Amino acid sequence: MKKTEEKLTRLEKLEKLREQGEAVFSNSFVRNRLAKDIRDDYSHLEPGERVEEEFLLAGRVMGIRDHGKIAFADFRDGSGKIQLYLTHQNLGEKYQRFLDYVDTGDIIGIKGGVLKTRRGELSLEVKDFRVLAKSLLPWPEKWHGLRDVEARYRQRYLDLVVNPSARQIFDLRTKVIKLIREFLDERDFQEVETPILQPVPGGALAKPFSTYHRALGIELYLRIAPELYLKRLIIGGLEKVYELNRSFRNEGISIKHNPEFTMLEVYQAYADYRDMMELVKEMLQYVLKKTKASLKISYQGQEIDFSQFSKITYLEALKKYAGIEVNFNMKWSELKDLAESEGIDVKNYWGKGKIIAEMFEKLVEPKLIQPTFILDYPKEISPLARTHPENPELTERFELIVAGRELANAFSELNDPLEQKERFEEQAKLKQEGEEEIQLYDQDFLRALEYGMPPTGGLGLGIDRLIMLLSDVYSIREVLLFPQLRPEE
RNA sequence: GGGCCGCUAACUCAAUUGGCAGAGUACCGGACUUUUAAUCCGGGAGUUGAAGGUUCGAUUCCUUCGCGGCCCA
């Protein structure tokens with residue numbers, strides 16, 4: 001690493017501090033207050049008023065204003081900011097030591113009283129300080145912060161310190177996840193953890209990452225979804241389960257996709273997709289009320305209203321939003337021509353369901369801004385969902401679309417092992433014909449189904465996408481602490 | 001994978017038609033006993049993402065590559 005001029009200066013300051021007996025990287029300082037505690041307890045002080053009681057705080061110096069015999073510094077800990085008031089009178093020779101050897105970015109411990117300055121700024125009147133960690137690198141500019149997107153992602157720690165909006169997004173993320181747990185726990189759902197390393201990756205149509213287990217001598221895959229394990233738990237008699245899971249898909253990186261992402265999956269025995277519809281609606285409204293105090297949010301300049309969720313079937317939506325009328329009685333070649341006229345490259349191994357699905361994704365999804373449940377997806381692209389009682393080409397499955405993107409996906413789960421076996425076989429056939437993203441044949445899951453799975457409703461919800469909506473950001477990278485990037489060198 | 005855009009001091013950004021690489025912040029030195037983007041005076045700081053090409057001369061034009069952003073597949 002290249003040593004900049006400023007780094008050399010800071011290293012010299014570190015040496016000087018050590019020569020003067022400061023144990024700079026010591027961990028022996030114990031604090032007894034946070035900045036927020038001081039604010040909560042003493043904001044009522046009048047300008048010029050002091051509290052002589054001394055408190056111990058620790059945090060980072062964010063800026064220093066030197067006025068000669070007195071100086072001010074901005075100080076921040078995990079709870080917030082507060083100003084430091086330093087005088088030669090209070091600190092004696094240590095006053096000059098602070099000005100000479102403490103820099104923006106340094107972690108310090110201070111002992112001091114509370115003072116509201118004449119200008120009305122609540123401050124800590126520093127009586128003593130220690131340098132707990134010397135920051136050796138120069139910090140981003142105080143006014144503009146760190147703007148460079150690449151630097152913000154690669155050095156998220158800087159982004160979090162310097163850009164308050166970044167910190168807000170991740171605080172919100174934590175809160176939302178907590179609220180989702182709260183919502184499900186109150187309804188007696190049981191949170192579980194299932195394998196990330198799976199011998200047969202299933203539960204979604206996606207390409208997996210693979211790895212090798214040396215001791216077992218087998219190929220394993222990072223899960224693309226936890227679905228098939230959660231259903232095994234339903235079979236095991238855990239009737240209401242959920243997993244807030246990190247899943248992995250070996251596909252392109254884009255503004256919407258990161259190779260690892262966070263999802264919620266919920267399964268409830270003796271429920272169906274209609275129950276899941278109610279559940280996800282209530283859950284989202286719960287989260288909205290507790291985070292935004294409103295069911296309306298503004299996303300990328302559009303108002304989105306979560307007080308009403310509209311419902312429309314898949315085929316009706318195609319007609320309404322794309323002006324395309326299709327059904328499964330049409331000939332394959334007719335559907336193909338229709339899709340191709342919309343610019344879709346139809347593969348010859350696609351079935352009717354897949355052709356329709358491609359048209360839907362391209363022509364309908366982007367138009368659905370307000371929360372909309374799309375019901376009854378084609379069977380071909382839903383190999384784990386129960387067949388629709390009124391149309392054997394469709395399934396009891398819905399997706400919730402918001403702001404043109406899929407936010408949630410749910411089915412009445414297929415619990416007939418004989419039909420599930422046929423579906424696996426159909427998927428295997430598609431793979432032979434060239435489709436890469438299929439549901440693999442999972443023998444072990446079939447055996448579990450053969451013991452009998454109760455009728456069950458299942459739901460998946462994209463957590464990252466939910467956070468994007470709530471924090472009004474356009475790129476998934478803004479809601480991931482460490483989005484995947486190519487290594488720098 | 002394709003297209004467009006970006007990469008200049010630690011950070012945020014300039015640089016006219018191809019003509020001596022600049023500013024603000026930060027940093028260093030000095031002044032200042034209530035500032036808060038403190039102020040004032042002075043100073044140092046660059047492999048212009050990398051390599052190559054064109055040219056008397058390249059941050060600027062061309063080629064290739066790297067990283068990132070956006071769009072498309």
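The model shown is predicted, which means the values in this text are computed figures rather than measured ones. Every chain is numbered from 1 and lettered A, B, ... according to where its sequence line falls, protein lines coming before strand lines.
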Aromatic ring pairing A:Phe360/A:Tyr314, orientation class (parallel under 30°, perpendicular over 60°, tilted between) = parallel

All pairs passing salt bridge (Lys or Arg N to Asp or Glu O under 4.0 Å) where residues 88-102 of chain A contributes a residue, at least two apart = A:Glu22-A:Arg97, A:Lys94-A:Asp128

For residues 58-83 of chain A, pull every pair meeting ring-ring contact (aromatic ring centres under 6.0 Å, His included), keeping only residues two or more places apart or in separate chains.
-> A:His67-A:Phe72, A:Phe72-A:Tyr85

Pairs: protein N or O with nucleotides 65-72 of chain B N or O, under 3.5 Å:
unit_1: B:C67; atom_1: OP1; unit_2: A:Arg486; atom_2: NE; d: 3.2
unit_1: B:C67; atom_1: O3'; unit_2: A:Arg154; atom_2: NH2; d: 3.0
unit_1: B:C67; atom_1: O2'; unit_2: A:Glu150; atom_2: OE1; d: 3.3
unit_1: B:C67; atom_1: O2'; unit_2: A:Glu150; atom_2: OE2; d: 2.2
unit_1: B:C67; atom_1: O2'; unit_2: A:Arg154; atom_2: NH2; d: 3.2
unit_1: B:G68; atom_1: OP1; unit_2: A:Arg486; atom_2: N; d: 2.7
unit_1: B:G68; atom_1: O4'; unit_2: A:Glu150; atom_2: OE1; d: 3.0
unit_1: B:G69; atom_1: OP1; unit_2: A:Arg477; atom_2: NE; d: 3.3
unit_1: B:G69; atom_1: OP1; unit_2: A:Arg477; atom_2: NH1; d: 3.3
unit_1: B:C70; atom_1: OP2; unit_2: A:Arg477; atom_2: NH1; d: 2.9
unit_1: B:C71; atom_1: OP1; unit_2: A:Tyr474; atom_2: OH; d: 2.6

Can you tell me, in whole Å, how much space there is between the P of B:U63 and that of B:A21?
-> 25 Å

Collect all protein-nucleotide pairs involving nucleotides 38-41 of chain B in which both atoms are nitrogen or oxygen and the distance is under 3.5 Å.
unit_1: B:A38; atom_1: OP1; unit_2: A:Lys142; atom_2: NZ; d: 2.3
unit_1: B:A38; atom_1: OP2; unit_2: A:Arg65; atom_2: NH1; d: 3.2
unit_1: B:A38; atom_1: N6; unit_2: A:Asp66; atom_2: O; d: 3.1

First encountered from the 5' end of RNA chain B, between A:Ile70 and A:Arg10 = A:Arg10

Nucleic acid contacts - residues 76-83 of chain A versus RNA chain B, non-hydrogen atoms under 4.0 Å | A:Gln83

Ignoring the backbone of A:Trp143, work out which of B:U12, B:A37, B:U36 is nearest its side chain.
-> B:A37

Pair assignment for B:C65, Watson-Crick or G-U wobble, requiring both distances under 3.5 Å = B:G49

Donor-acceptor pairs under 3.5 Å, side chain of residues 57-65 of chain A to any protein atom, not counting sequence neighbours: which ones?
unit_1: A:Arg60; atom_1: NH1; unit_2: A:Gly105; atom_2: O; d: 2.8
unit_1: A:Arg65; atom_1: NH1; unit_2: A:Asp74; atom_2: OD2; d: 3.1
unit_1: A:Arg65; atom_1: NH2; unit_2: A:Asp74; atom_2: OD1; d: 3.3
unit_1: A:Arg65; atom_1: NH2; unit_2: A:Gln83; atom_2: OE1; d: 2.8

What pairs with A:Lys36 under salt bridge (charged side-chain N to carboxylate O under 4.0 Å, His left out), at least two apart in sequence or on another chain?
-> A:Asp40

Please state how far atom CD in A:Glu6 lies from atom P in B:A10, giving the value in whole angstrom units.
-> 10 Å

Distance-only donor-acceptor hits, side chain of residues 163-170 of chain A, under 3.5 Å, sequence neighbours excluded:
unit_1: A:Asn163; atom_1: OD1; unit_2: A:Leu146; atom_2: N; d: 3.3
unit_1: A:Asn163; atom_1: ND2; unit_2: A:Leu146; atom_2: O; d: 2.9
unit_1: A:Asn163; atom_1: ND2; unit_2: A:Asp159; atom_2: OD1; d: 2.6
unit_1: A:Arg167; atom_1: NE; unit_2: A:Asp171; atom_2: OD1; d: 3.2
unit_1: A:Arg167; atom_1: NE; unit_2: A:Asp171; atom_2: OD2; d: 3.4

Write down the partner of B:A21 under the Watson-Crick or G-U wobble criteria, each distance required to be under 3.5 Å.
-> none

The answer to which of A:Lys116 and A:Pro138 contacts RNA chain B further toward the 5' end, by nearest nucleotide, is A:Pro138

With both distances under 3.5 angstrom, what nucleotide forms a Watson-Crick or G-U wobble pair with B:C27?
-> B:G43

A:Tyr42: ring pair (Phe, Tyr, Trp, His ring centres under 6.0 Å) partners, not counting sequence neighbours | A:Phe55

With A:Glu406 via salt bridge (charged side-chain N to carboxylate O under 4.0 Å, His left out) - residues at least two apart | none

Are any of the side-chain nitrogens in A:Lys354 or A:Glu380 under 4.0 Å away from the carboxylate oxygens of its partner?
-> no

Across all chains, not counting sequence neighbours, the salt bridge (charged side-chain N to carboxylate O under 4.0 Å, His left out) partners of A:Asp464 are A:Arg173

What is the distance, rounded to the nearest whole Å, between atom CE of A:Met62 and atom P of B:A26?
-> 13 Å

Looking across every strand, which nucleic acid part, if any, lies under 4.0 Å from A:Gly145 by heavy atom: base, sugar-phosphate, or nothing?
-> sugar-phosphate

Under 3.5 Å on both distances, the Watson-Crick or G-U partner of B:G1 | B:C72

Using salt bridge (charged side-chain N to carboxylate O under 4.0 Å, His left out) as the criterion, list what pairs up with A:Arg76, not counting sequence neighbours.
-> none

